[in-house]
Amino acid sequence: MNFSKNITYWYSNNKRDLPWRKTKNPYHIWLSEIILQQTQVNQGLPFYEAFVNHFPSVFHLAEANEAEVLKLWQGLGYYSRARNLHASAKYVANELQGVFPNNYKELLKLKGVGDYTASAIASFCFNESTAVVDGNVYRVLSRYFGIDTPINSSKGSKAFKALAQELIDGNNPSEYNQAIMEFGAIQCKPKNPDCLACVFQDTCVAFNENRVDALPVKIKSAKAKKKYFNFLVFISDDGKTILEQREGKGIWQNLYQFPLIETPSDISETVFQEHLSAHSLLKGQDYTWSLYNKDAIVHKLSHQHLYTRFWIINIKELNAQTIPINSIRDYAVPILIGNFIEEFSF
DNA sequence: AAAACGGGGTT
DNA sequence: AACCCAGTTTT
């Protein structure tokens with residue numbers, strides 16, 4: 001029994017029952033793969049159901065507004081995935097008459113579809129023998145073969161892709177690709193893998209050399225930078241507030257937020273008062289304000305730690321583009337804002 | 001080659 | 001606090 005046969009057999013006995021495993025429809029597989037990028041199955045599952053229900057076909061998705069797509073994506077993170085998903089849906093619907101590309105090379109042309117996702121769709125839907133290499137595959141291969149090349153180096157990504165491609169079962173690339181990922185997800189886990197009940201115990205290099213905990217090797221990323229966000233939650237006497245759409249580069253592109261004052265460090269109420277006095281929206285206006293959260297809310301992204309304060313500003317009238325507070329839940333917002341909206345009694 | 005890009009779960 | 005997740009794109 002070789003590696004591929006063994007792992008495919010393990011899969012047939014241990015795989016989870018997941019909705020995208022009941023279909024070969026490339027639209028559904030594509031949706032699931034984009035949603036699952038850097039996202040655990042349990043987190044992605046409800047979003048997959050929501051997208052399939054809300055957009056039953058690629059044409060429904062293509063005809064939606066980006067705002068609607070972002071709203072449904074709210075809370076899942078990496079919002080470029082949603083923007084690229086929508087752009088690619090338009091491309092498939094309008095340029096390809098709704099017919100998905102049926103091979104790795106053409107799939108790679110879709111925005112948001114890289115090497116992993118193109119390989120996944122090509123193999124799952126069209127039985128093309130292209131190996132997937134995701135975080136699970138890196139872990140399983142580095143341990144089984146005892147490879148300590150950093151998985152996130154360019155040398156490593158090429159080497160592991162080549163190895164995976166050598167190992168793929170050409171007779172059943174779909175099952176094999178899913179098998180090695182599932183094996184990594186539920187048995188050859190990052191921490192406390194179940195080596196004592198592993199079918200590869202005899203031949204796993206890491207297990208036999210006691211190097212399981214040392215593999216895979218990964219180059220450490222830079223520490224997260226701290227940022228200081230002050231959100232201005234305006235409340236007018238006639239029930240309105242202000243939401244602004246984020247634009248340009250950076251986090252949360254095209255999502256909405258309360259007007260933001262970013263400062264180089266955490267600020268006191270005294271310093272905040274100075275910012276407010278200089279604010280264009282409030283020139284010559286009567287208003288009262290209060291700080292919602294005495295301790296900064298720390299919102300942790302992979303590369304930034306956001307120290308956040310919400311400042312409530314009551315004002316008679318707003319001379320700016322406003323929205324009715326009772327429609328605030330229609331807008332796609334970062335979960336940091338969404339949590340505040342749910343928590344705060346307007 | 002390195003950094004940017006979210007949010008949630010585990011250890 | 002560090003690490004990980006069915007990665008991709010930009011710098």
Side-chain angles (χ1 to χ4, degrees), chain A residues 11 15-16 18-21 29-48 70 73-85 87-88 107-121 123-124 131-140 150-158 160-161 164 174 176-186 188-193 213 215-225 227 246 248-255 297-306 332-339:
Chain A
Y11 180 65
K15 65 179 176 184
R16 290 168 290 183
L18 298 170
W20 45 84
R21 291 190 174 149
I29 297 296
W30 168 67
L31 274 180
S32 74
E33 292 303 337
I34 302 299
I35 287 169
L36 291 170
Q37 288 169 3
Q38 291 293 285
T39 303
Q40 303 214 182
V41 165
N42 286 338
Q43 190 189 1
L45 203 40
F47 287 84
Y48 174 78
L70 285 172
W73 198 272
Q74 178 178 313
L76 194 54
Y78 285 155
Y79 296 93
S80 67
R81 288 185 293 171
R83 299 191 303 269
N84 287 333
L85 185 82
S88 292
L107 284 161
L108 213 44
K109 294 179 180 171
L110 302 180
K111 284 185 182 175
V113 173
D115 184 85
Y116 163 78
T117 305
S119 300
I121 301 172
S123 61
F124 299 172
V132 294
V133 184
D134 73 335
N136 295 304
V137 175
Y138 279 121
R139 187 168 55 255
V140 172
I151 60 173
N152 54 345
S153 63
S154 54
K155 186 180 169 189
S157 65
K158 281 179 199 159
F160 282 98
K161 175 76 182 184
S174 171
Y176 168 77
N177 272 343
Q178 295 184 73
I180 188 168
M181 289 193 285
E182 187 78 338
F183 182 76
I186 66 184
C188 194
K189 295 176 293 185
K191 305 286 181 189
N192 305 321
D213 289 342
L215 293 171
V217 173
K218 196 170 184 178
I219 299 166
K220 299 221 188 316
S221 52
K223 276 184 63 176
K225 290 167 183 159
K227 292 195 166 193
R246 289 183 67 96
K249 303 184 199 333
I251 57 173
W252 303 332
Q253 198 179 120
N254 296 5
L255 274 68
I297 296 168
V298 186
H299 186 69
K300 293 182 176 179
L301 311 182
S302 48
H303 59 302
Q304 296 178 21
H305 289 177
L306 309 178
V333 297
I335 205 63
L336 173 62
I337 306 286
N339 288 342

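Residue numbering restarts at 1 for every chain, and letters A, B, ... go by the order of the sequence lines. Any value given below was found using the heavy atoms of this structure, including those in side chains, with hydrogens, waters and symmetry copies removed. Given the structure is predicted, the values throughout are model-derived calculations rather than measurements.
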Are the side chains of A:Asn339 and A:His299 in touch, meaning some heavy atoms are under 4.5 Å apart?
no
Could you tell me the separation between the OH atom of A:Tyr138 and the P atom of C:dC4, rounded to a whole number of Å?
13 Å
State, yes or no, whether a side-chain contact exists between A:Phe47 and A:Trp73 at a heavy-atom distance under 4.5 Å.
no
For the pair made of CG in A:Leu301 and P in B:dG8, what is the distance, rounded to whole Å?
10 Å
Rounded to the Å, how far apart are A:Ile151 CD1 and C:dC3 C1'?
11 Å
With rounding to the closest Å, how many angstrom separate the P atoms on C:dT11 and B:dG6?
14 Å
Are A:Lys220 and C:dC3 close enough that a side-chain N or O sits under 4.0 Å from OP1 or OP2?
yes
Between C1' on B:dT11 and CG on A:Asp213, what's the gap in Å once rounded to a whole number?
12 Å
Identified salt bridge (charged side-chain N to carboxylate O under 4.0 Å, His left out) partner of A:Glu182 from the options A:Lys15, A:Lys189, A:Arg21
A:Arg21
Provide, to the nearest angstrom, the distance between the NZ atom belonging to A:Lys225 and the P atom belonging to B:dA2.
15 Å
Let me know which of A:Trp30, A:Phe124, A:Tyr48 forms a side-chain contact (heavy atoms from CB on, under 4.5 Å) with A:Trp20.
A:Tyr48
Given atom CG of A:Leu336 and atom P of B:dG6, what is their separation to the nearest angstrom?
13 Å
Return the 5'-most residue of the pair A:Asn192, A:Ile335 with respect to DNA chain B, ranking by each residue's nearest nucleotide.
A:Ile335
Spell out protein contact along nucleotides 5-11 of chain C as letters: B when the base is contacted, S when just the sugar-phosphate is, - when no protein heavy atom is under 4.0 Å; keep the 5' to 3' order.
BBBSS-S
So, does A:Lys300 get its side chain near the phosphate of C:dA1, meaning an N or O under 4.0 Å from OP1 or OP2?
yes
Side chains of A:Ile29 and A:Leu31, heavy atoms from C-beta outward: is any pair under 4.5 Å?
no
Separation of B:dC5 atom P from A:Leu306 atom CG, nearest Å, is 11 Å
Report which part of the nucleic acid A:Gln253 touches: base, sugar-phosphate, or nothing (heavy-atom distance under 4.0 Å, all strands).
nothing
Is A:Lys223 touching bases, backbone alone, or none of the nucleic acid, heavy atoms closer than 4.0 Å?
nothing
Residue whose nearest DNA chain B nucleotide is more 5′ - A:Lys191 or A:Ile219
A:Ile219
Test item: A:Ser88 side-chain N/O and A:Leu85 main-chain N/O as donor-acceptor pair under 3.5 Å
no
Between A:Glu33 and A:Tyr116, do the side chains contain a donor N or O and an acceptor N or O under 3.5 Å apart?
yes
Phosphate oxygens OP1/OP2 of B:dG6: is one of them under 4.0 Å from a side-chain N or O of A:His303?
no
Given the C1' atoms of C:dA6 and B:dA3, what is the spacing between them in whole Å?
23 Å
Have a look at A:Gly44 and say if it touches a base, only the backbone sugar-phosphate, or nothing, with a 4.0 Å heavy-atom cut-off.
nothing
Atom-to-atom span, NE2 of A:His299 to P of B:dC5 - whole angstrom:
13 Å
Sugar-phosphate only, base, or nothing, as touched by A:Ile34 at under 4.0 Å among non-hydrogen atoms
nothing
Can you find a pair of side-chain heavy atoms, one from A:Leu306 and one from A:Ile297, that are under 4.5 Å apart?
no
